[in-house]
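Note that the coordinates shown come from a computational prediction; the quantities given were computed from them, not determined experimentally. Just the heavy atoms: all of them, side chains too, but no hydrogens, waters or symmetry mates, feed the values below.
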Amino acid sequence: IFRLNTLTRGYHNPLFFQGKLMIQPLTEKQISDKILACGIRPSFQRVKILNYLYKNRLHPTAEKVYEALSPEILTLSRTTVYNTLKLFIDNGLVQSLTIDGDEMRYDADTSHHLHFKCNCCGNVLDMLYPNTEFEYDKIISMLPAEFTVNKIQTFIWGTCSDCKKK
């Protein structure tokens, strides 16, 4: 078994944020302003979708977003959710995570950080690791000058503490 602190090289307390906010909670007004700052009209549905991503840190799929919000927003369609998430990605409000094959998940935290996927429950958790941005810069600097990096994602797979207790 590959232990996590082996990965962190001496940093014995990696910070997992299981369902907790790694990014600051925002009011709906702040979310609306954030959407507007990207030149996007902050419709009721768009604000609710981005708000859901900020509050639910387990990196939901589009289907999970739809299932969670459709009882509250009766006019919400799956197409609206998918189109809104794509719009948010294209404008840097959200990042997409493709962890296993065709499973696309969404993260409102667009900063450089790692992700841990539990092989048992399937949850995807943010992992704060010191110097992540520096490490990514170091990796990018090793590429040939004519290469362009669009995205870097780092995933770790294993068993979360909740599943390990079972």
Side-chain angles (χ1 to χ4, degrees), residues 1-26 31 34 48-71 76 78-144 147-166:
I1 296 174
F2 197 48
R3 300 241 181 259
L4 188 58
N5 52 1
T6 303
L7 291 171
T8 58
R9 297 192 180 150
Y11 184 68
H12 300 292
N13 189 18
L15 301 176
F16 282 93
F17 294 88
Q18 298 181 354
K20 296 183 180 114
L21 291 174
M22 191 162 124
I23 52 180
Q24 293 298 315
L26 300 176
I31 288 173
K34 199 170 180 74
K48 288 293 186 185
I49 290 169
L50 190 56
N51 192 28
Y52 180 80
L53 291 175
Y54 268 90
K55 288 181 176 178
N56 296 278
R57 303 299 307 136
L58 295 177
H59 308 83
T61 62
E63 187 62 29
K64 292 272 189 209
V65 173
Y66 173 76
E67 288 171 4
L69 295 177
S70 61
L76 186 66
R78 284 179 174 83
T79 302
T80 299
V81 171
Y82 280 99
N83 289 341
T84 299
L85 291 170
K86 179 167 180 357
L87 182 66
F88 288 168
I89 291 165
D90 291 346
N91 286 277
L93 288 168
V94 167
Q95 66 173 316
S96 61
L97 309 172
T98 306
I99 299 172
D100 289 322
D102 61 352
E103 181 186 61
M104 179 89 64
R105 294 184 178 233
Y106 301 90
D107 189 353
D109 183 354
T110 58
S111 69
H112 295 298
H113 61 280
L114 310 176
H115 293 95
F116 179 92
K117 181 171 183 183
C118 179
N119 294 325
C120 297
C121 65
N123 284 337
V124 177
L125 312 167
D126 285 336
M127 185 182 146
L128 186 60
Y129 178 73
N131 301 319
T132 302
E133 193 143 347
F134 169 76
E135 296 295 334
Y136 285 173
D137 289 343
K138 194 170 157 184
I139 292 166
I140 291 168
S141 72
M142 293 187 304
L143 294 171
F147 282 34
T148 301
V149 175
N150 297 322
K151 186 176 189 177
I152 297 176
Q153 291 184 344
T154 306
F155 302 107
I156 300 169
W157 289 263
T159 305
C160 72
S161 58
D162 290 342
C163 290
K164 210 168 184 179
K165 290 175 190 174
K166 293 178 185 175

Quiz prompt | Non-hydrogen atoms of Tyr82 and Glu63 that approach each other most closely | solution = OH-N, 4.4 Å
Exercise. Would you please classify the geometry between the Phe155 ring and the His115 ring as parallel, tilted or perpendicular, with 30° and 60° separating the classes?
Key: tilted
Quiz item: Hey, what do you get for CG (Asn91) to NZ (Lys86), rounding to the nearest 0.5 Å?
Solution: 9.5 Å
Quiz item: Minimum heavy-atom separation for Thr159 to Phe116, with atom names?
Solution: N-CZ, 3.6 Å
Quiz item: Counting distance only, does the side-chain N/O of Thr80 pair as donor-acceptor with the main-chain N or O of Leu76 below 3.5 Å?
Solution: no
Quiz prompt | Between CG on residue Leu53 and CG on residue Asp109, distance to nearest 0.5 Å | solution = 11.5 Å
Quiz item: Looking only at heavy atoms, what is the nearest atom pair of Cys163 and Cys121, with distance?
Solution: SG-CB, 3.6 Å
Quiz item: If every non-hydrogen atom of Val149 is compared with every non-hydrogen atom of Ile140, which pair is closest and at what distance?
Solution: CG2-CG1, 3.9 Å
Practice problem: Using the side chain to side chain contact (heavy atoms under 4.5 Å, CB included) rule, take Leu58 and Arg105 through it: C-alpha gap first, then chi angles, then the decisive distance, then the call. | Solution: CA-CA 9 Å; Leu58 295 177; Arg105 294 184 178 233; 5.6 Å; no
Quiz item: Taking atom OH of Tyr54 and atom CG of Leu93, what is their separation to the nearest 0.5 Å?
Solution: 7.0 Å
Quiz item: How long is the gap from CZ on Arg78 to OG on Ser70, to the nearest 0.5 Å?
Solution: 7.5 Å
Exercise. Enter the distance from His59:NE2 to Glu103:CD here, rounded to the nearest 0.5 Å.
Key: 12.0 Å
Practice problem: Determine, stepwise, if the pair Lys166 / Asp162 fulfils salt bridge (charged side-chain N to carboxylate O under 4.0 Å, His left out). | Solution: CA-CA 7 Å; Lys166 293 178 185 175; Asp162 290 342; over 6 Å; no
Self-check item: Nearest heavy-atom neighbours spanning Cys160 and Leu125
Solution: CB-CD1, 4.4 Å
Quiz item: For the residue pair Tyr106 and Leu85, what are the closest heavy atoms and their distance?
Solution: CE1-CD1, 3.5 Å
Quiz item: Could you go step by step and tell me if Asn56 and Val65 meet the side chain to side chain contact (heavy atoms under 4.5 Å, CB included) rule?
Solution: CA-CA 9 Å; Asn56 296 278; Val65 173; over 6 Å; no
Self-check item: Separation of Arg57 CZ from Asp107 CG (nearest 0.5 Å)
Solution: 4.5 Å
